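Structure record follows, encoded as structure tokens.
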Amino acid sequence: MAIAGNSAASFLQLHQKKPHSLFRLNSRNSVPFSIKSSFNPPMASLAVSSSTLGLSETFSKLKKEGKVALIPFITAGDPDLSTTAEALKVLDSCGSDIIELGVPYSDPLADGPVIQAAATRALARGANLDSILEMLNKVVPQLSCPIALFTYYNPILKRGVEKFMITVKEVGIHGLVVPDVPLEETEVLRREASKHNIELVLLTTPTTPRERMKSIVEATEGFLYLVSSIGVTGARGSVSEKVQSLLQEIKAVSNKPVAVGFGISKPEHVKQVVGWGADGVIVGSAIVKILGEAKSPEEGLKELAEFTKSLKAALL
Amino acid sequence: MGKGQPPLLIGWGLRSRRPLWLIRYKRVGRMYFCRPAKKQLLKRKMLTLSPQIHSSSENGPEFSIANLDKAHMDVDRDLHGDVLIEGLSSLLGPIPLAQQSILGPFPAGPGIASNPRRSLLLHQSPVSLGHQLITGTSSLLGMECPLQVKYTCGSGSGSHHAYQTLPFQIRMAFSSATPLHRITAISSSSSSSSPFFKPYPSQLSLQFNKIASCSPKSFALANHQMGLDKAPVLHDLSILQRPDSLGRFGKYGGKYVPETLMYALSELESAFKALATDHQFQKELDGILKDYVGRESPLYFAQRLTEHYKRPNGEGPEIYLKREDLNHTGAHKINNAVAQALLAKKLGKERIIAETGAGQHGVATATVCARFGLQCIIYMGAQDMERQALNVFRMKLLGAEVRAVHSGTATLKDATSEAIRDWVTNVETTHYILGSVAGPHPYPMMVREFHAVIGKETRKQALEKWGGRPDVLVACVGGGSNAMGLFHEFVDDKDVRMIGVEAAGFGLDSGKHAATLTKGEVGVLHGAMSYLLQDDDGQIIEPHSISAGLDYPGVGPEHSFLKDTGRAEYYSITDEEALEAFKRLSRLEGIIPALETSHALAYLEKLCPTLPNGTKVVLNCSGRGDKDVHTAIKHLQV
């Protein structure tokens, strides 16, 4: 598998080294480019060894069943990677439809104190992308729901966008959320992600003007991440009323599934958001807090299971 | 060389896929005199040129030069009306010879094979997303391709034209799609005293329609008059390139922030552009800079320092200090703080947040908030608060709330992240006064423009003092605001050398330094793509420097761009060398500099022996050192 991966990567590089490929970027002559884009390295097809569906497929399946997706978020490596591995299994068995896995980063601009602290702890423990992917390699085959990685742009850039996509696909990741890349800069990411069948999820917020929101909805893959309030992640007392009108606006423009995140921490919030028409609910800080503040990892996992079940109950 | 020569093939149009011809008339040294080719030749080639161009030929051909990231050309007009193309070698300077071969074979004509530097005139910048940049030389008269070749400013729509040109005095009367006369018409009407009156690319497209097309003939005359006053017009146009409408300097810059902030950033940008042409705002700002900040700051000839660097035979450079340390609050930071506070008031925001490392920017922000009656919250790393206790007290005295940041490494980068998070949460009521030319667009552009007054004054003062321009500019670089303020005015003056000095902490190999441009790699930090110090996993690492103001793991994107294009040079200085310089200036001139400035002063030790006699060196004395005496006490024996 690794050898095939290497050859795939080098094959791709060979394409890139041609000098006139630079000019092709301007796609005046787009034929060679389309050939390139339809080339899927053998790794991509091999990696989907698990029977899990992609993000949009999951959503369409749920829609047929009339259900709303539960999307929990945890930070990889907090309190340690083995706990994260267990937590992923727990979340999966308690009924999560998609799991968002956060890669810890030293300067998370979109995260509130809970997830920040979790990232600091994870980094102090030595968690890095390689170790996280190693862990995922073992765990993903045992999961029934797809995983989306939540990471900031710099670690992706450091590896190289293409290489990142290849490595991540090898492990079986289905989706990617990068909160600090705005729509204008997502071109490169989207191109590479779609080449490797990874769905790049884009975010929209209450401050986004309508026209821009429409472009974001058109460009997003998998689902649309609707940020419920103006701010960073973190549990809030209640969900902002604006979410309802935003959901209506988005639904009017597109059929793509919309998941609401940031600040949802209780089953009541979940019910409220579902009542407004969301296709998915993302719960982050509340879950990270449980794992982080637990007296021991086992305790944490138990509480996590209970909490997830209560959230799932609110969805039914 | 002469009329008998056939036109020279010097390149291949990438967009138009046609050969580009240089019609030379005569060559004198490195300079090429050109005349338009004979009418038949022109007619054959000028498929898209309007006949009006021919009629303007009695004034000599006038043309513009499209400029690109890495190469540019000076065009000047000589007394006889011949067009002089100067500095072709400077055109090719930064372009490696390897790239020339991409553009196709060059004929082995005279002057081409012998000096390949004269032959390459096309370059496609491969790194800029959304930039489609092709240039041709201005001498390619009668060429349909170069005249159509445009620098499209990243907006994606091909019709958005902008030109950047280096100091030149001639404009080309093109046919229809010539934004150039519009550009000149705009710039001639705006006053030269405002700190930021340059037309920005997106602004340009609006004015595109407003200005009626003028006949080339009258335009040529008007041009000639306009062309006679050099600096203001020319420099406006060159700024169009930096940044473009997406906020990029080449591949650096941009707006890598959470989506919540995108609207606020575009609102800020439009407010900034609107105020650029608002005379009331200019006047108010100039008044405050003069009466409250105490501008203009002197350009001081450091006699004893100059003596110190004289070589045994009595030769050596002349060192001038731009005394930004004499500003109110003791540093250059106030220039930006004052302007941004005024901007915030215009936007109707009552709450101001800022981050600070050394405390100087925090003090400047607290000062202006007290002056304008705004609520002020400063984020400072817990470690920095210990190092700069004096500044913390000052900020509190001025009425600001100082919030300690304990996350991450508790230094400037974490304070900046926390400030950005606060802004994300309170974006509707809050304005974020970023202290340096880093951060998401439009901050690098705004902060640079607000500090550009430093360079403008330097130019004026240099002219008064020695009737010329500085030869070398030296400034310390942390985020890069004081350096950009000094450099910006002179970026287009090719003969002015620009040197930025970073902090090497314990040494570049020790791993404890803040030499971002020397040792960093390209990445995204706090909203901008730029060089930064990161580890193998892409995590931002904590830098170290004795001076808190240089202790930033990133750098402004424009500095990254200037470094890559080779326009500016960047070196680094260790803590020890900085402390030596700190002592030296105090002893020799009676000026106690900030530790940040001491880094720039320390570089003079290495620089001055290499400079010829009489070189004018202007060093930006960006802050005074009263705040650093506590640190100095620990390290120095006096």
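Remember, predicted model here, so these are calculated numbers, not experimental data. Because only heavy atoms are used, hydrogens play no part in the values below, and waters and symmetry mates are left out as well, while side chains stay in. Below, read A as the first sequence line, B as the second, and so on, with proteins coming before strands; counting in each chain starts at 1.
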Residue I156(A) versus chain B: region with a heavy atom under 4.5 Å: neither
D537(B) and R159(A): CA distance, side-chain angles, deciding distance, salt bridge (Lys or Arg N to Asp or Glu O under 4.0 Å) verdict: CA-CA 8 Å; D537(B) 198 36; R159(A) 275 173 182 69; 2.9 Å; yes
Rounded distance [0.5 Å steps], CG in L109(A) versus OG in S417(B): 5.5 Å
Student check: side-chain heavy atoms of V424(B) and I230(A) closer than 4.5 Å: no
Proximity breakdown for I216(A) and chain B, heavy-atom pairs closer than 4.5 Å: side chain
Other residues, nucleotides, ligands: >12 heavy atoms within 6.0 Å of K163(A) NZ: no
Atom group of D535(B) that falls short of 4.5 Å from chain A, counting heavy atoms: backbone
Heavy atoms from other residues, nucleotides or ligands near NZ of K289(A) exceed 12 (cutoff 6.0 Å): no
Distance in Å, S407(B) OG paired with D107(A) CG, rounded so as to fall on 0.5 Å steps: 8.0 Å
Heavy-atom side-chain proximity of E184(A) to R248(B) below 4.5 angstrom: no
Greatest number of heavy atom pairs closer than 4.5 Å to chain B - which of P206(A), P108(A), G112(A), S229(A): P108(A)
K158(A) and E521(B) ion-paired at < 4.0 Å: yes
Closest-packed option against chain B by number of heavy-atom pairs under 4.5 Å, given V227(A), D130(A), T208(A): T208(A)
Salt bridge (Lys or Arg N to Asp or Glu O under 4.0 Å) between R212(A) and E259(B), intermediate numbers included: CA-CA 10 Å; R212(A) 195 184 161 83; E259(B) 182 62 34; 2.7 Å; yes
Donor + acceptor pair across side chains of Y105(A), Q539(B) (<3.5 Å): no
Residue part contacting chain A, namely of I541(B), when any heavy atom lies under 4.5 Å: neither
CG-CD1 distance between N154(A) and I540(B), expressed to the nearest 0.5 angstrom: 4.5 Å
Evaluation steps, side chain to side chain contact (heavy atoms under 4.5 Å, CB included), between V524(B) and L157(A): CA-CA 8 Å; V524(B) 167; L157(A) 272 182; 3.5 Å; yes
Heavy-atom side-chain proximity of T207(A) to M262(B) below 4.5 angstrom: no
Rounded distance [0.5 Å steps], NE2 in H406(B) versus OG1 in T120(A): 13.0 Å
Rounded distance (nearest 0.5 Å) linking atom OG of S106(A) with atom NZ of K413(B): 4.5 Å
